[in-house]
Amino acid sequence: MSHLLFVESTGLGVQALAHLKQSGHTVTYLHCPLYDFTATPARRREPIRLADQAAPFADPLDGDVVYGTLLASGADPGSVDAVLSTLGYGAQVAADLPARGTSSARPLPRPTPLRPRAGGDR
């Protein structure tokens, strides 16, 4: 079976995580309290309960912190087969690991800012 690393998630991601666990896969879940708006408190506790390893991290923009959290969770980075994340910084974690299937991971481009129409209307 595979070892999947979830770096943050949403309600649908929690469903995916639960299905993977039921299917016998190993799951590590890293979560950041700054993103507690992605699901209800009860829904955010569920992947922590289901995962084989789980750990919080404080600074999602610091790749060293996120990678250090992976190590602190007790997971073996060399055993990770894939990284799944709903947030762009998950791509950096994927790039830092020898995980198969993640070599093309990259952050999503920044959205183009809205420009006011002529006359100042949007």
Side-chain angles (χ1 to χ4, degrees):
M1 291 294 172
S2 298
H3 180 183
L4 299 120
L5 169 62
F6 280 73
V7 182
E8 254 321 320
S9 194
T10 62
L12 290 175
V14 173
Q15 290 177 4
L17 188 150
H19 177 75
L20 290 165
K21 283 303 301 167
Q22 290 172 352
S23 298
H25 297 281
T26 300
V27 175
T28 300
Y29 177 61
L30 306 182
H31 54 96
C32 180
L34 295 176
Y35 290 92
D36 64 356
F37 59 86
T38 62
T40 65
R43 193 65 155 166
R44 287 193 53 81
R45 286 189 298 271
E46 192 173 347
I48 295 167
R49 180 182 61 79
L50 291 171
D52 297 286
Q53 300 92 15
F57 58 93
D59 187 352
L61 301 178
D62 186 335
D64 291 336
V65 167
V66 179
Y67 189 79
T69 302
L70 173 61
L71 295 175
S73 77
D76 173 13
S79 73
V80 174
D81 294 299
V83 178
L84 297 95
S85 183
T86 56
L87 302 170
Y89 59 79
Q92 184 58 52
V93 175
D96 291 343
L97 293 174
R100 294 178 294 280
T102 57
S103 61
S104 65
R106 62 187 180 283
L108 296 173
R110 293 187 182 269
T112 304
L114 294 173
R115 293 187 178 88
R117 294 181 185 158
D121 294 337
R122 286 199 165 239

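All figures in this text were calculated on a predicted structure; none of them were measured in a lab.
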Participant: When hydrophobic residues are tied together by side-chain contacts of less than 4.5 Å, even through go-betweens, does Y29 share a cluster with V83?
Facilitator: no
Participant: Per the salt bridge (charged side-chain N to carboxylate O under 4.0 Å, His left out) rule, what does the pair list look like for residues 45-56, sequence neighbours excluded?
Facilitator: K21-D52, R43-E46
Participant: Transitively linked via ILVMFWY side-chain contacts under 4.5 Å: L71 with V80?
Facilitator: yes
Participant: How long is the straight-line distance from CZ of F57 back to CG of D59, given to the nearest 0.5 Å?
Facilitator: 9.0 Å
Participant: Atom CG of L17 and atom CG of L4: how far apart are they, to the nearest 0.5 Å?
Facilitator: 8.5 Å
Participant: Under a single-linkage definition using a 4.5 Å side-chain heavy-atom cutoff for Ile, Leu, Val, Met, Phe, Trp and Tyr, are I48 and V27 assigned to the same hydrophobic cluster?
Facilitator: yes
Participant: Please give me the minimum heavy-atom distance between R44 and Y35, naming the atom from each residue.
Facilitator: NH1-O, 3.1 Å
Participant: Can you name the closest pair of heavy atoms from A18 and L50 and give their distance?
Facilitator: CB-CD1, 3.7 Å
Participant: Could you give the distance from CG (L84) to CG (L20), rounded to the nearest 0.5 Å?
Facilitator: 7.5 Å
Participant: Using side-chain heavy atoms (C-beta onward) and a distance below 4.5 Å, is P47 in contact with F6?
Facilitator: no
Participant: Once side chain to side chain contact (heavy atoms under 4.5 Å, CB included) is applied, do any residues pair with A75, and if so which ones, sequence neighbours excluded?
Facilitator: H3, T28, Q53, L70, S73
